[in-house]
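In what follows, a structure is listed as structure tokens, so that the remarks can point back to it.
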Amino acid sequence: MTRLWGGRFADGPAEALARLSVSVHFDWRLAPYDLAGSRAHARVLAAAGLLDPDELGRMLAAIDDLDAAVATGTFRPTIEDEDVHTALERGLLERLGALGGKLRAGRSRNDQVATDLRLYLRDHARDLAGRITELADALTEQAARHVDTPAPGMTHVQHAQPVTFGHWLLAHVQPLLRDLDRLRDWDERTSVSPLGAGALAGSGLPLDPGAVSKELGFKTSFANSMDAVSDRDFVAEFLFVTALLGVHLSRLGEEVVLWTSYEFGWVELDDAFATGSSIMPQKKNADIAELARGKAGRLIGGLVNVLTMLKGLPLTYDRDMQEDKEPVFDALDTLTLVLPALAGMISTMTVRVDRLAASAPVGFSLATEVADWLVRKGVPFRDAHEITGQLVALCSVRECELHEVSDTDLTTVSEHLDPSVRDVLTVKSALAARTTPGTTGPGPVADQLASVLDQLKTWHAWAEESVVPH
Ligand code: ARG
């Protein structure tokens with residue numbers, strides 16, 4: 001059995017301690033990153049004269065061999081290994097004998113684990129960005145088909161003003177673009193190597209944290225060894241990004257649930273992306289959308305978990321911090337499932353243009369156009385609002401639409417009204433009138449679409465970048 005801390009203990013750990021302490025069943029994912037750190041550390045030890053060239057050669061060969069064995073699964077952790085670092089030291093000792101024990105000089109699991117997790121997350125942030133971008137692609141492709149499809153825009157889930165459905169879909173892309181931006185921003189701040197901080201005080205051996213940092217693809221190395229092993233801001237921040245992403249996905253999910261309901265009937269899901277009921281043969285449910293909505297809970301939970309764990313922790317490393325890993329792994333696993341399912345559901349769904357268009361003017365959603373028409377004639381908006389309100393009240397009594405009010409009734413409601421107001425009482429004219437940037441008219445939506453497509457290209461490229469040496 002390999003232990004990294006046996007010397008001063010008379011006996012092995014109690015079963016209950018070992019069971020509580022073990023983390024290898026979840027931190028094993030860090031193995032390739034731990035090995036990348038080991039390569040860099042070995043080179044630094046050699047540069048300091050602490051490994052001779054022959055030892056360095058054998059050390060690097062053994063690390064490569066172990067890396068390959070980890071990748072193929074021929075080397076696995078056992079229940080005896082406390083954590084990933086312990087398991088990998090065992091692997092090195094098996095390959096190198098006593099020489100394997102030289103690698104630990106100047107290094108602690110405290111700086112190792114902080115380095116490993118940064119490397120892992122920087123690498124996986126790019127995978128995540130790729131998946132977010134693919135969902136954004138799916139929404140954008142649908143939006144491109146509906147640049148001028150009218151839809152009933154809503155506030156408070158009540159008909160408000162007509163919008164184009166393309167604009168609505170792009171309104172779900174914009175938050176994803178911000179999530180991507182946050183991820184890249186996070187990555188900049190996370191690009192700091194803790195390796196060389198040792199347990200907390202750095203090392204008296206002549207190591208070179210800068211060289212290690214460079215080899216591992218970090219922008220810089222730690223400024224303060226105590227902070228280097230204490231800092232988990234990068235974990236909390238990452239979890240904020242994933243929690244907020246979860247919230248965005250839940251809002252999209254909720255809308256798809258509404259859109260696919262009988263009452264809305266705006267969207268039909270492809271059979272491959274919908275589920276049935278075990279008792280009701282007619283059912284077709286939007287389970288993907290609901291799971292996306294539901295998973296927000298665990299994503300938010302992960303953030304709260306880590307913030308609570310860190311709160312009040314004295315510097316520097318405390319074992320509590322072992323709890324930092326499962327929430328981020330879970331967040332990544334969750335999003336790896338949710339994002340492709342959502343992307344598939346969105347790209348294959350059928351939009352019922354007929355139902356959207358029929359619904360767009362319902363609920364007096366063109367009333368604001370009447371008020372704006374009056375404003376253009378010089379009527380103060382306050383009065384225009386009042387007049388239009390009276391017109392709506394009349395329509396409610398008569399059970400008719402705004403454009404159906406008779407010429408005489410129009411002038412009875414207000415001297416400012418005349419039959420030419422009917423020109424603005426079509427969805428088409430209301431949408432066409434919206435020409436300024438960022439608004440819902442087909443023109444600005446086409447511009448928005450072009451800009452989004454441009455940005456998505458950049459995000460695909462960022463997601464493809466590889467920063468971490470493998
Ligand atoms: N498994 C530990 C963690 O995940 C590694 C660091 C342990 N360090 C220590 N001094 N016990 O945080």
Side-chain angles (χ1 to χ4, degrees), residues 1-9 11-38 41 70 76-92 101 103-124 190 192-203 212 216 222 225-239 302 305-333:
M1 172 174 178
T2 310
R3 257 195 291 142
L4 303 184
W5 42 270
R8 62 108 70 210
F9 289 85
D11 268 321
E15 172 77 7
L17 163 64
R19 279 169 172 275
L20 171 63
S21 178
V22 68
S23 59
V24 77
H25 53 294
F26 58 80
D27 66 19
W28 185 240
R29 325 185 173 206
L30 300 177
Y33 304 93
D34 201 65
L35 288 166
S38 290
H41 188 61
V70 167
R76 291 166 170 283
T78 74
I79 40 163
E80 308 268 74
D81 296 319
E82 181 184 310
D83 56 21
V84 58
H85 321 292
T86 313
L88 293 175
E89 178 156 316
R90 178 171 60 78
L92 275 191
L103 190 62
R104 220 201 293 161
R107 194 167 69 155
S108 155
R109 283 184 291 170
N110 297 356
D111 59 349
Q112 243 177 298
V113 78
T115 305
D116 294 358
L117 194 53
R118 282 177 191 257
L119 289 172
Y120 177 92
L121 286 179
R122 291 193 69 210
D123 212 10
H124 286 76
T190 303
V192 180
S193 170
L195 211 59
L200 78 162
S203 175
V212 168
L216 294 177
F222 60 93
S225 63
M226 292 178 75
D227 178 52
V229 295
S230 307
D231 173 23
R232 291 297 184 275
D233 290 6
F234 69 100
V235 177
E237 256 194 83
F238 186 84
L239 287 169
N305 178 344
V306 164
L307 287 175
T308 311
M309 178 274 286
L310 289 172
K311 183 201 164 292
L313 269 195
L315 305 186
T316 53
Y317 178 84
D318 303 275
R319 193 60 185 279
D320 316 45
M321 286 154 79
Q322 180 166 296
E323 292 291 313
D324 62 354
K325 283 173 274 306
E326 285 164 293
V328 277
F329 294 160
D330 186 68
L332 283 164
D333 291 349

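Counting convention: from 1, in listed order, for ligands and their atoms alike.
- For the pair L216 and L119, the minimum side-chain heavy-atom distance is below 4.5 Å.
- Looking at atom 7 (C) of ligand 1, its nearest protein heavy atom turns out to be Y317 OH, 3.5 Å.
- At a threshold of 4.5 Å between non-hydrogen side-chain atoms, the residues Y120 and V328 do not count as touching.
- Within the 4.0 Å heavy-atom cutoff, Q112 does not count among the residues contacting ligand 1.
- Residues L121 and T190 are not in side-chain contact: their nearest non-hydrogen atoms beyond the backbone lie 4.5 Å or more apart.
- The pair R118-D231 meets the salt-bridge criterion, since a charged nitrogen lies less than 4.0 angstrom from a carboxylate oxygen.
- Every atom of ligand 1 with a heavy atom of N110 under 4.0 Å away is listed here by number and element: 8 (N), 9 (C), 10 (N).
- Between D324 and R232 there is a salt bridge, with a side-chain nitrogen of the basic residue lying less than 4.0 Å from a carboxylate oxygen of the acidic one.
- The atoms of ligand 1 that sit less than 4.0 Å from any heavy atom of S23 are 1 (N).
- Nearest-residue assignment for atom 2 (C) of ligand 1 (options R109, M321, Q322, K325; heavy-atom criterion): Q322.
- A heavy-atom distance below 4.5 Å is found between the side chains of L30 and F329.
- Nearest protein heavy-atom contact of atom 5 (C) of ligand 1 is D83 OD2, 3.7 Å.
- Within the 4.0 Å heavy-atom criterion, neither part of D324 lies near ligand 1.
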